[in-house]
Amino acid sequence: MRVPILALPELLINQIAAGEVVERPASALKELLENSIDAGASDIRIELIEGGIKRIRVADNGGGMPAAELVLAVKRHATSKIRDLNDLERVATMGFRGEALASLGAISRLTVASRVVEAPHAFRLQVLGGDIGETEPTALAVGTVIDAEDLFFNTPARRKFLKTEGTEFGHCEDAAIRVAISYPAVAISLTHNGRQMWAHAPQSHEARAMAILGDEFAGSSLQINESHTAFSLNGFIALPRYSRAGRDQQFTFVNGRFVRDKLLQHAIRASYADVLHHGRQPAFLLFVTMDPALVDVNVHPAKAEVRFRDSRAVHQFVFHALNKALSASSAEISTPMADPSQFVSANMPSSATRDWPRAVQGQMAVGSEYVAVSFPQYVANEPNQIANRFYDVMRGEMANMPAAIAMRDDTVAPPLGFALGQLHGIYILAQNQQGLVVVDMHAAHERILYEKFKLAATLHETASQPLLAPIAFAIAPRERELLDDNRALFLELGFDFAELSPNEIAIRAVPALLERREPHDLLREMLDDLSLHGASRAVEERRDEILSTMACHAAVRANRTLTLPEMNALLRQMEETERSGQCNHGRPTWYQFAMSDLDRLFMRGR
C-alpha cells in the first residue's frame, strides 16, 4: 500500500528539531547561557529545580530584547547574530543557529521576559508546547529572563530517557562550569532546589580557573602561553604527578567555545605520552584562539565539534607547545612536595613551624665537569645487548665523576641538593635548601637513559633498512593521496616506496629501528593518523616503546650500592634531563620533604 507524501505540521517539525538541540536539561542550559554571553551580560544567575527537569531559569543583565522581537525570538531560524554566508563562515558569537528558544518552546512551558535599556518597562511572552501567546508588560530590570518548566512534558517518550535528578544536575553543573571558566569577567551563580551551590564574582582567568579546579591543581600546574602567526594557545596543564582516574578535569575551548575535538585530544594525549602513568588521565584547561574564518563551528547542532581549516598545523602547534612545557628538567619544574598527612596520624597535633635558615650548612660540593657519554649505534633486534652496552657506559660515567668532596659553609645547594646516602639500595637521600629530597634511583636513571636514547635516535632517524623482498599491497585512492602529500615525511622517517600501479605500491625499506614490525600495518596506521588528525606519530611511538624497554633494562637496579659521587652524578643529570620528574612509565622519580613537614612529623617546636 502506497503511503502519500505529506508536509509535517509545524509543531512536529519543531519537536524534531528540538531533539537535535535539546538532548537533556544540560543542553538547554548551555544554549541559554550562550545567549546570555552573546547579549553582553556581566551577571548571570542560574536556578534549577529537580536537576533542570522541572525548571531551568536563567536571568542575565545583558542588552535585552524589545517587545517587537520577542515573537521572532521564539521562532526557528530567527537570530541577531548572522545575516549572510560570510557571517556563517566567520562566526564570532556563541550562538548563531536561531533554534534554541524555538526548540525549548516546543517541548516545555516557556516564558521569555526581557527589557532593553530605553524601554519604560519589560515585556513577557509565554509559549506552551509550541503555542505562542500574547506579548504583555511585566516588571523586570534591563536584561532577559528565560524560564523553561516541565521539560519534555508533551514528549513523554523523550522524558523517560532522562536519568535521575542527581545525574541531570551534574550535567547541568558541568555546562555552567564551562561557561564560568571561559568567561571569568562574568559573575555567575548556580542554585539547585533553592540552595545556592556556588557563585563566582568577576575574576581574572587564572583566579577563576583555580577557584573551580582547586588548590591541588593550582599547585601542580604549568601555565601555557604560546603564539603562532595564525593562532595562540593559553591556559594551564597539570604536571604528570597530578593525574586523574577520569576525564573530569579536561577542558578545551576554541575561541571561547567548549569543544570535544578529537584532533586536540590527540595532540594533548601525545604530549603526555612519555610521562603519564598507565591508565591515568591528564588534567588541563586550554584555550585555542584563532581567526573565526579558520575554524568551522557549523558542524554539529550542539556546536560541540569543530573543524579546522589547517588541522595539521593546529595539531603540531598544540603538541609542540605542551611537549615543550612538559619537557622541563627537575631543575625547572615546581617542587613535587610530599604530603606529610600521608605519614602522620590524623589525631596527631601539628607543631608550630620555625624559620629554618635558607642556606644549608656543611653541604657536600662536587665538581661541575662530567665525562660525556658516547653512545654506540644501537641495533633494533638486540635490545638486551645494547642495554648492557649502555649500562657499562653509564657505570663508567658515574665512576669518573670527581671523587673529591669539599665541605663548604657558603655552598648553595642545586635544586636536588647533594646526596647524603642510600636507603635499602633503592632510594637516594639528598639535602637541599628546602629540606630532604628522596629519589627513586632506578626510575630517575631510567628517564635519563631514555631521553639520551631518544636524542641519539633523532640524530639517526633517516636510517633505513632495505628489505630483501619488497612488500606489495593495495592502497585506496584516499590513502594514495595522503601518501603523495606526505612523501617527504615518510622518507625522513626511513620508508622507501616503489609505485607498482595507481592502486598498489611496494615498500622497499623501513625504519631500521622497527624492522621487525609488519611494515604495511604500521604504514596503514600512519595513514589513518594523517587522515584523522593531520599528523602521525605512529613510527615515533613504536620506536619509543623499544627505547623505553632498553632504558628500563639498562638503568641501575635495586640493591646496587652507589658511591656519593655516583649519587651526585645522578642528581645533576636529573637536573639537566627533560621530563626527569617521571620515569618512562609515569611514576614519580623524586619527592621533596620540606623542613616544616619534618618538624610536623617529629612535633618539633611544641
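- Listed by chain and residue number, nothing satisfies the ring pair (Phe, Tyr, Trp, His ring centres under 6.0 Å) test with H320 (two or more places apart in sequence, or in another chain).
- At most 12 non-hydrogen atoms from other residues, nucleotides or ligands lie less than 6.0 angstrom from CZ of R247.
- Here the closest heavy-atom approach between residue I212 and residue H200 is recorded as CG1-NE2, 3.8 Å.
- Salt bridge status for E136 with R124: present, with a side-chain N to carboxylate O gap under 4.0 Å.
- In summary, the aromatic rings of F284 and F236 are positioned with their centroids too far apart to meet the 6.0 Å limit.
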Using residues 57-74 as the side-chain source, report each donor-acceptor pair under 3.5 Å to any protein atom, sequence neighbours left out, with the distance given to one decimal.
unit_1	atom_1	unit_2	atom_2	d
R57	NH1	E47	OE2	3.4
D60	OD1	G62	N	2.8
D60	OD1	T144	N	3.3
D60	OD2	S36	OG	2.7
N61	OD1	S42	N	2.8
N61	OD1	D43	N	3.0
N61	ND2	S42	OG	2.9

Practice item. May I have the step-by-step check of side-chain hydrogen bond (donor to acceptor under 3.5 Å, both in side chains) for R45 and S189, ending in yes or no? Key: CA-CA 5 Å; R45 286 157 288 161; S189 63; 5.8 Å; no
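- The aromatic ring centres of F217 and Y242 sit less than 6.0 Å apart.
- Of the possible donor and acceptor atoms, one in the side chain of N255 sits under 3.5 Å from a partner among the backbone N and O of M290.
- Annotation for G133 and L125: closest pair O-CD1, 3.2 Å, computed over non-hydrogen atoms.
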Practice item. Decide yes or no on salt bridge (Lys or Arg N to Asp or Glu O under 4.0 Å) for E305 and R260, but give the supporting numbers first. Key: CA-CA 6 Å; E305 300 174 14; R260 295 185 182 90; over 6 Å; no
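- A distance-only check finds no donor-acceptor pair linking the side chain of D291 to the backbone of L294 [under 3.5 Å].
- When atom types are taken as modelled, the side chain of S182 and the backbone of V179 share no donor-acceptor pair closer than 3.5 angstrom.
- The closest side-chain donor-acceptor pair between Q126 and D131, if any, does not fall under 3.5 angstrom.
- At least one cation-pi condition fails for R178 and F253: the charged atom is not both under 6.0 angstrom from the six-membered ring centre and inside a 45 degree cone around its axis.
- In plain terms, the two heavy atoms of M197 and F169 that are nearest each other are CG-CZ, 3.8 Å.
- Not one N or O on the side chain of T289 forms a donor-acceptor pair closer than 3.5 Å with the backbone of L233.
- Remark: side-chain polar atoms of R208 are paired, donor with acceptor, to backbone N or O of A201 under 3.5 angstrom.
- Without hydrogens or angle criteria, T164 side chain to T167 main chain gives a donor-acceptor distance under 3.5 Å.
- Ion pairing of E499 with R487 is present here, as a side-chain N (NZ or NE/NH1/NH2) and a carboxylate O approach within less than 4.0 Å.
- Between the H585 side chain and the R587 main chain, no donor and acceptor come within less than 3.5 Å of each other.
- Taking all atoms of both residues into account, the shortest heavy-atom contact from V127 to G105 is CG1-O, 3.6 Å.
- Between K324 and E226, the shortest heavy-atom contact is NZ-OE2, 2.8 Å.
- Remark: side-chain polar atoms of R307 are not paired, donor with acceptor, to backbone N or O of D296 under 3.5 angstrom.
- Judged purely by atom type and a 3.5 angstrom limit, E504 has no side-chain atom pairing as donor or acceptor with the backbone of A474.
- Taking the six-membered ring wherever Trp is involved, the centroid distance between the rings of H205 and F287 falls below 6.0 Å.
- Shortest non-hydrogen contact noted between R24 and L151 is C-CD2, 4.2 Å.
- N154 contributes a side-chain N or O that, together with a main-chain N or O of A106, makes up a donor-acceptor pair within less than 3.5 Å.
- K54 and E149 are not joined by a salt bridge, as no carboxylate oxygen comes within less than 4.0 angstrom of a charged side-chain nitrogen.
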